[in-house]
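Here is the structure we will look at.
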Amino acid sequence: MKILLIEDDHKTTTYIVRGLCEKGHRVDHRVSGRDGLFLASKQVYDVVIVDRMLPAMDGLSAVTAMREAKVETPILFLTALDGIDDRVEGLEAGGDDYLIKPFALSELLARIHALARRSTQVANRDLLQVADLKIDLFQRTVRRRDIPVDLQPREFQLLEYLIRHADQVVTRAMLLENVWGYYFDPKTNIVETHISRLRAKIDRGHDVALIQTVRGAGYRLHAAP
């Protein structure tokens, strides 16, 4: 799933991002409520996680503004404010769930999955397909010509990004930023290595190669007829 985390505490952010990424999810992170609101309004996410106490714009105001902007993404408040009135305020502002800090990562994951299952927005796009290649975002499964393909979490993220941009050229920089979260070039062949492994699993044994190299530009998942 693609998740937006709006949290200003570095320790909490590191804990959540590491845990979600290890489970194969993609996480975008913003520190302020204002920046989180902007991103939630411009991109499509499966779940948004919001702290109540944020700089620039508090979480409650940010969620209220999201709902006013017709953002329908499920929203989970993650906060130390544990009073009954606090919870009621959060839910009435447009939150779908409320989890108190400190929390267990396993419970956070369970609540995220529950929100995603209930979301009709997500349900309509849980299955992505290009040609005879199908990827189920909730079951975390991939099949080509109805044959299961076993992928590692990072390979799954890479394939998801390629299939969401089918027939578009994606550059190495785009993959580093959106799959690995690097906003700089780490000077390694990490992209090339993972593309090679993905090709071996997706295209080997099939007449049509879906993953193509666009010389001098990047890569493309070609929607073959």
Side-chain angles (χ1 to χ4, degrees), residues 1-5 10 13-31 35 39 42-47 49 105 109 112 116 122 125-225:
M1 286 187 285
K2 186 178 180 182
I3 298 169
L4 172 61
L5 172 64
H10 177 72
T13 297
T14 301
Y15 176 62
I16 293 174
V17 171
R18 181 183 295 121
L20 294 180
C21 288
E22 285 177 353
K23 294 297 182 179
H25 301 299
R26 292 172 52 202
V27 183
D28 286 342
H29 170 239
R30 291 297 183 270
V31 172
D35 289 345
L39 203 58
K42 298 298 181 182
Q43 297 193 33
V44 177
Y45 291 95
D46 297 306
V47 175
I49 303 172
L105 183 63
L109 286 165
I112 289 171
V122 174
R125 54 189 177 84
D126 60 352
L127 183 66
L128 302 177
Q129 180 172 357
V130 168
D132 55 4
L133 176 66
K134 297 179 181 179
I135 176 171
D136 190 314
L137 301 179
F138 289 109
Q139 297 296 325
R140 311 297 292 176
T141 58
V142 176
R143 303 179 75 89
R144 182 157 187 202
R145 289 177 57 187
D146 210 32
I147 300 172
V149 180
D150 184 26
L151 298 182
Q152 296 298 314
R154 190 70 72 182
E155 294 168 347
F156 189 95
Q157 289 178 272
L158 177 57
L159 179 61
E160 180 185 348
Y161 189 80
L162 289 172
I163 202 170
R164 286 186 184 276
H165 297 81
D167 273 334
Q168 300 176 29
V169 176
V170 296
T171 65
R172 185 174 183 275
M174 290 167 65
L175 293 175
L176 284 170
E177 178 177 341
N178 290 281
V179 178
W180 280 271
Y182 291 151
Y183 294 88
F184 61 93
D185 190 342
K187 304 301 181 183
T188 71
N189 63 346
I190 189 172
V191 173
E192 292 77 9
T193 298
H194 279 75
I195 287 287
S196 178
R197 292 175 181 170
L198 194 59
R199 274 200 178 110
K201 294 182 178 183
I202 295 298
D203 288 335
R204 182 173 294 169
H206 297 279
D207 295 334
V208 177
L210 298 180
I211 301 175
Q212 302 178 344
T213 297
V214 181
R215 191 175 299 277
Y219 303 95
R220 175 177 59 197
L221 185 69
H222 178 51

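In this text the structure is predicted, and so the values were computed from the model without any measurement.
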Would you indicate whether the side-chain heavy atoms of E160 and F156 approach each other to under 4.5 Å? yes
Trace of the side chain to side chain contact (heavy atoms under 4.5 Å, CB included) decision for Y219 with R199: CA-CA 11 Å; Y219 303 95; R199 274 200 178 110; 4.2 Å; yes
Going by ring pair (Phe, Tyr, Trp, His ring centres under 6.0 Å), name the residues that satisfy it together with H165, two or more places apart in sequence or in a different chain. Y161
Report the residues that fulfil salt bridge (Lys or Arg N to Asp or Glu O under 4.0 Å) with E192, sequence neighbours left out, ordered by chain and then residue number. R172
Verdict with reasoning, L133 to L159, per side chain to side chain contact (heavy atoms under 4.5 Å, CB included): CA-CA 10 Å; L133 176 66; L159 179 61; 3.9 Å; yes
Taking side chain to side chain contact (heavy atoms under 4.5 Å, CB included) as the definition, give me every residue that meets it alongside V27, ordered by chain and number, with sequence neighbours left out. L5, V17, L20, C21
Starting at CG of N178, measure out to CZ of R164 and round the result to the nearest 0.5 Å. 11.5 Å
Is there a side-chain contact between T171 and V191 (heavy atoms, below 4.5 Å)? no
E177 side chain to V179 backbone, donor-acceptor under 3.5 Å: no
Salt bridge (Lys or Arg N to Asp or Glu O under 4.0 Å) partners of D203, counting only residues at least two apart: R144
For L210 and A131, work out which heavy atoms get closest and say how close. CD2-CB, 4.3 Å
Any residue meeting side chain to side chain donor-acceptor pair (under 3.5 Å) with R145, in chain and number order, not counting sequence neighbours: none
Quick one: CG on L137 to CG on D46, what's the gap to the nearest 0.5 Å? 7.0 Å
To the closest 0.5 Å, what do you measure between CG (L109) and CE (M1)? 8.0 Å
According to side chain to side chain donor-acceptor pair (under 3.5 Å), who are the partners of S196, at least two apart in sequence or on a separate chain? none
I need the minimum non-hydrogen distance between A217 and V169, along with the two atoms involved. CB-CG1, 3.8 Å
Can you list the residues that meet the side chain to side chain contact (heavy atoms under 4.5 Å, CB included) rule with Q43, with sequence neighbours excluded? K2, D28, L39, Y45
Using the ring pair (Phe, Tyr, Trp, His ring centres under 6.0 Å) criterion, which residues pair with H194? Sequence neighbours excluded. W180
Closest non-hydrogen contact found for G24 with P153 is CA-CB, 4.0 Å
Holding to ring pair (Phe, Tyr, Trp, His ring centres under 6.0 Å), I want the full list of residues that pass it with F184, two or more places apart in sequence or in another chain. Y182
Evaluate side chain to side chain contact (heavy atoms under 4.5 Å, CB included) for L162 paired with I135, printing each intermediate quantity in order. CA-CA 11 Å; L162 289 172; I135 176 171; over 6 Å; no
Residue pairs fulfilling salt bridge (Lys or Arg N to Asp or Glu O under 4.0 Å) with at least one residue in residues 133-143, sequence neighbours excluded: R143-D146
How about P148 and V142: do any of their side-chain heavy atoms sit closer than 4.5 Å? no
Nearest heavy-atom approach of A166 to V130 is CB-CG2, 3.7 Å
Once salt bridge (Lys or Arg N to Asp or Glu O under 4.0 Å) is applied, what residue pairs with a partner in residues 204-221 remain, sequence neighbours excluded? none
Heavy-atom side-chain proximity of E155 to K201 below 4.5 angstrom: yes
Between R30 and T13, do the side chains contain a donor N or O and an acceptor N or O under 3.5 Å apart? no
Would you say I195 and L158 make side-chain contact, with heavy atoms under 4.5 Å? yes
Show the numbers, then the answer: is there a side chain to side chain contact (heavy atoms under 4.5 Å, CB included) between T141 and V149? CA-CA 7 Å; T141 58; V149 180; over 6 Å; no
